[in-house]
Amino acid sequence: MFQKISSYPDILKFLEKAVTTEGLSLPENYAVAEHIYCFQDGYHYNSVENKVLTGDGSGDFKPDWIVLATNYFADPFLLI
């Protein structure tokens with residue numbers, strides 16, 4: 001995943017210069033580019049149950065989506 005995002009310098013800059021806000025629904029937790037895979041826990045996979053959470057069905061979290069940040073409610077902000 002890091003290789004995928006590293007080819008987009010604007011995304012790396014976005015992650016490096018995380019903006020802190022007081023709005024609960026705006027991004028407040030940003031992934032570290034080098035550890036982007038770990039940030040996907042709970043979206044791409046469940047590390048506790050060792051289970052993949054993605055799929056190609058309607059309403060599924062797609063395998064090629066990458067979570068870059070989350071808000072207070074753990075809502076993902078992603079790269080599609």
Practice prompt. Work out which heavy atom in Ala33 is nearest to a heavy atom in Leu12; give both atom names and the distance.
Written response: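 So the minimum-distance heavy-atom pair works out to CB-CD2, 3.6 Å.
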Worksheet entry | Closest non-hydrogen atom pair, Ala69 against Tyr30 |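 Closest approach of Ala69 to Tyr30, heavy atoms only: CB-CD2, 3.9 Å.
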Going from [atom1] on [X] to [atom2] on [Y], what distance comes out if it is rounded to the nearest 0.5 angstrom?
| X | Y | atom1 | atom2 | result |
| --- | --- | --- | --- | --- |
| Ile66 | Ile36 | CD1 | CD1 | 6.5 Å |
| Phe39 | Glu34 | CZ | CD | 13.5 Å |
| Phe73 | Ser25 | CZ | OG | 7.0 Å |

Is there side-chain contact between [X] and [Y], with heavy atoms separated by less than 4.5 Å?
| X | Y | result |
| --- | --- | --- |
| Ile11 | Leu68 | yes |
| Phe77 | Asn71 | yes |
| Tyr45 | Tyr37 | yes |

Worksheet item: Is the backbone of Lys51 close enough, under 3.5 Å, to the side chain of Asn46 for a donor and an acceptor to pair up by distance?
Response: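 No; zero donor-acceptor contacts below 3.5 Å.
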Worksheet item: Applying side chain to side chain donor-acceptor pair (under 3.5 Å), which residue pairs with at least one partner in residues 52-63 are found, sequence neighbours left out?
Response: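 Every pair satisfying side chain to side chain donor-acceptor pair (under 3.5 Å) with a residue in residues 52-63: there are none.
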Discussion item. Atom CG of residue position Asn50 - does it have more than 12 heavy atoms of other residues, nucleotides or ligands inside 6.0 Å?
Written reply: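 Count not over threshold, so no.
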Discussion item. Holding to ring pair (Phe, Tyr, Trp, His ring centres under 6.0 Å), I want the full list of residues that pass it with Phe61, two or more places apart in sequence or in another chain.
Written reply: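 Checked Phe61 against ring pair (Phe, Tyr, Trp, His ring centres under 6.0 Å); matches are His44, Trp65.
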Discussion item. I'd like to know if the side chain of Thr70 pairs up with that of Asn29 as donor and acceptor (distance under 3.5 Å, no hydrogens or angles considered).
Written reply: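 Checked: Thr70/Asn29 side chains pair up, N/O donor to acceptor below 3.5 Å.
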